[in-house]
Amino acid sequence: MLTRKSFFSITVAAAIAVLFCTVGIYAGTEVKDEIRMENKVYEKHTKSIMVFTHKKHMTEYAEKHPDLYKNGCGECHHKEKDGKSIPLKDLKEGDEVKNCIECHKIPGYIEKKEAKKKNLDEKQIRQYHANAVHDNCQDCHKKYNTKMGLKSKDEGYAPTKSKCKTCHPKDKKK
């Protein structure tokens, strides 16, 4: 038979367990305002680590230019189905997403010349993690620059391959 004291102890323990579980679930899906694009699968980074401004992209760009973000979060986040990349259009902030490296499994970047020597097609090139990430960012940046009529020397120009130092400044913090 439970005494009042033991009933109270069990109730408090259960409440604490529920609190920790709730916090743990929320913490696992928290979206940081800025995401350091650093991955431990790389033994050494050859360029400085880029910091992706997730919140800025969602507020300053996506909300102001919805025509460039027709797929919502799916502009960046996607899955593969039947050999095709399918945007995850229905994602909401806080939903679980995979890290890019989970699908684009080869650490590093392969130059176009090297890929051509190896007879790699676009899908094979995107198996390289850095190629997939760069392509994802650069495609969107190109659309934005075209829409806004921006050239590489203009203020507000979204960086593409020709402006590597914008995302990877010389001061390397590896």
For [Y], is there any backbone N or O sitting under 3.5 Å from a side-chain donor or acceptor partner on [X]?
X      : Y      : result
Gln127 : Gln124 : no
Glu102 : Asn99  : yes
Glu60  : Lys56  : no
Thr166 : Pro159 : no
His104 : Ala132 : no

Parallel, tilted or perpendicular: rings of Tyr61 and Tyr144 (30°, 60°):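 Because their plane-to-plane angle is over 60°, the rings of Tyr144 and Tyr61 count as perpendicular.
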Tyr109 ring center within less than 6.0 Å of His129 ring center: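 For His129 and Tyr109, the ring centres are not under 6.0 Å apart.
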Cluster link [X] to [Y], ILVMFWY, side chain under 4.5 Å:
X      : Y     : answer
Val133 : Ile35 : yes
Ile106 : Val41 : no
Ile125 : Tyr42 : no

Glu43 CD: over 12 foreign heavy atoms closer than 6.0 Å: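 Incorrect, the count does not exceed 12.
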Enclosure of Asp67 CG (heavy-atom neighbours >12, cutoff 6.0 Å):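 Yes, CG of Asp67 has more than 12 neighbouring heavy atoms, counting only those of other groups under 6.0 Å.
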Qualifying salt bridge (Lys or Arg N to Asp or Glu O under 4.0 Å) pairs, either residue in residues 123-146, two or more places apart: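 For residues 123-146: Glu80-Lys123, Arg126-Asp135, Arg126-Asp139.
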Non-hydrogen atoms of [X] and [Y] that approach each other most closely:
X      : Y      : value
Met50  : His168 : CB-CE1, 4.0 Å
Leu150 : Glu155 : CD2-O, 3.7 Å
Lys81  : Ile86  : CB-CG1, 3.8 Å

Partner set under side-chain hydrogen bond (donor to acceptor under 3.5 Å, both in side chains) for His78, not counting sequence neighbours: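 Per chain and number, His78 pairs via side-chain hydrogen bond (donor to acceptor under 3.5 Å, both in side chains) with no residue.
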Pairing residues for His65 by the side-chain hydrogen bond (donor to acceptor under 3.5 Å, both in side chains) criterion, not counting sequence neighbours: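 With sequence neighbours excluded, His65 shows a side-chain hydrogen bond (donor to acceptor under 3.5 Å, both in side chains) to Lys147, given in chain and number order.
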Lys92 bridged to Asp95 by N-O distance under 4.0 Å: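 Looking at Lys92 and Asp95, the cut-off is met.
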Salt-bridge contact Arg36-Glu38 (side-chain N to carboxylate O under 4.0 Å):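 Glu38 and Arg36: salt-bridged.
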Distance (rounded to the nearest 0.5 Å) between [X] [atom1] and [Y] [atom2]:
X      : Y      : atom1 : atom2 : value
Asp90  : Cys73  : CG    : SG    : 9.5 Å
Asn131 : Asn136 : CG    : CG    : 12.0 Å
Ile49  : Met37  : CD1   : CE    : 10.0 Å
Cys76  : His57  : SG    : NE2   : 7.0 Å

Contact between [X] and [Y] at the side-chain level, heavy atoms closer than 4.5 Å - yes or no?
X      : Y      : result
Cys140 : Tyr69  : yes
His54  : Asp33  : no
Asp154 : Lys151 : yes
Glu114 : Lys117 : yes
Glu34  : Lys55  : no
Lys105 : Ile101 : no
Lys98  : Cys103 : yes
Lys118 : Ile110 : yes

Check against side chain to side chain contact (heavy atoms under 4.5 Å, CB included), Lys161 and Gln138: CA-CA 7 Å; Lys161 191 169 175 74; Gln138 290 171 12; 3.8 Å; yes
Tyr157 vs His141, side chain to side chain donor-acceptor pair (under 3.5 Å): CA-CA, chis, key distance, verdict: CA-CA 8 Å; Tyr157 177 81; His141 287 184; over 6 Å; no
